[in-house]
Amino acid sequence: MSAPSQGQLVDFGEAPLLALRNIRKTFGSTTALAGLDIAVKPGELVTVVGPSGCGKSTLFNIVAGLEEPDAGGVIRYRDRSCHAAELLGQVSFMPQRDLLLPWRTVVDNAILAIEVEGVPRKEARARALAMLPEFGLAGFENQYPQQLSGGMRQRVALMRTFLFKRDLMLLDEPFGALDALTRTMMQRWLLDVWHKHRRTVLFITHDIDEAIFLGDRVVAMTARPGAVKLELEVKLPRPRRADLVTDPEFIRLKRLLLDAIEEESIKSFNLSRPAGA
Ligand code: ADP
C-alpha cells in the first residue's frame, strides 16, 4: 500500500484526535461519500445526522477500519496520516445490532472484545463485574441476552465497547431500536457514563433531538453522495437536563437541522416541497 497523501486539515482550533478530509467512497456506480470532511477533538462528543442512504454506515465502516475510502482522501489519527485499516483496533465501536452471543452470559458477552485482545479471562471478568452497577446490570451477570430487555441488551453491548478502552468510541444508532421512553433514559445515562469516563465519541443517528441532546457538535450530512451539509456547535450547558428540549436554543438548532435534513431528504427522494412550505 502506498502512503496516503498529506492533506491540509480544516482548521478546527485544537488538534483533532481524528480528522477525515475529502473522503470519497464508491461502490461500483454508486458514490456513497464525496468530499466528506469531519474532525473530532479529544474529549468531544460529535453526533452525525443525515437522511437515510446518505452514507452514515459507510462513514462508520471507514472510521471503524472496516472499509477503505477511495484514493485521494486523507485520514489523520493522532496527528498522523493513516489508512482506514490502521484504525481497526484503535477505535472501539458498537454497530447498530448489539451482536450479543446468545450462548454467552452478560458478563461473558461484555468481556468478548478484551478477551480476544488477550486479557486473561479472570481479569477480564473482574473488570466487567466492577462495571456492572454503573451500567445498570448488577445482579444480571449470569443472565443470557434473551432474558434481557432491549435497553439492557444495549447496555451490555455498550459496556463491551467501554471495556475495550480506546481513545475514540464510535457508536452507530445504539438506541435506534428502543422505545421512546427507554431511549431518553439511555441518552441521559450515556451522558453520565461519558462524562465520568471522558471518552471521545462519534455518534451516528438519524434522530435530530438525540443528536442535539447528546452532542458538543452536530454534523448534518447531505443526501447521497454524503458530505457535510451543516455543522453546528451545541452550546447548551452540561449536564443536559431532560427539559432541555424546550430551551429556545435547542429549538433554534433543531429548526436549522430539520430544514437542512428536509432539503436533503427531498433531494434523495426526488420530491418537491408542497406549495407554500
Ligand atoms: P446510511 O447508513 O446513511 O443509510 P449507507 O452508508 O448504508 O447509508 O449507504 C450509502 C449508499 O451506499 C447507499 O446507496 C448504499 O446502497 C450504498 N452502499 C453501501 N454499502 C455498499 C456496498 N457494500 N455495496 C454497494 N453499495 C453500497
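Numbers here are sequence positions counted from 1.
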Taking the basic N atoms (NZ, or NE/NH1/NH2) and the acidic carboxylate oxygens, is any pair closer than 4.0 Å for [X] and [Y]?
X	Y	value
R104	E115	yes
R125	E141	no
R252	D247	no
E68	K25	no
E86	R80	yes

Checklist line | Centroid separation Y144 to W103 less than 6.0 Å | finding: no
Ignoring hydrogens and angles, state whether a donor on the side chain of [X] or [Y] is under 3.5 Å from an acceptor on the partner side chain.
X	Y	result
T200	E44	no
D70	T26	yes
D179	T182	yes

Margin query: Here's a test for you: under side chain to side chain contact (heavy atoms under 4.5 Å, CB included), which of I23, N22, T58 qualifies with P69?
Written below: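 Among the candidates, only I23 passes.
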Beyond-backbone contact of [X] with [Y], side-chain heavy atoms, under 4.5 angstrom:
X	Y	value
M152	S149	yes
F175	L190	yes
V218	V49	yes

Item checked: Whether R241 side chain and L244 backbone form a donor-acceptor pair below 3.5 Å ->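 No.
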Notebook entry, point to check: Any donor-acceptor pair under 3.5 Å linking the side chain of K235 with the backbone of D216?
Noted result: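 Absent.
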Next item on the list: Identify, with sequence neighbours excluded, every residue that meets ring pair (Phe, Tyr, Trp, His ring centres under 6.0 Å) alongside H197.
Entry: F162
Margin query: Before you tell me yes or no, could you show the steps for T222 and E264 under side chain to side chain contact (heavy atoms under 4.5 Å, CB included), namely the whole-Å CA-CA distance, both residues' side-chain angles and the distance that decides it to 0.1 Å?
Written below: CA-CA 6 Å; T222 61; E264 291 306 308; 3.3 Å; yes
Next item on the list: Quick one: list whatever passes salt bridge (charged side-chain N to carboxylate O under 4.0 Å, His left out) with K254, sequence neighbours left out.
Entry: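 With neighbours one apart ignored, the set is D209.
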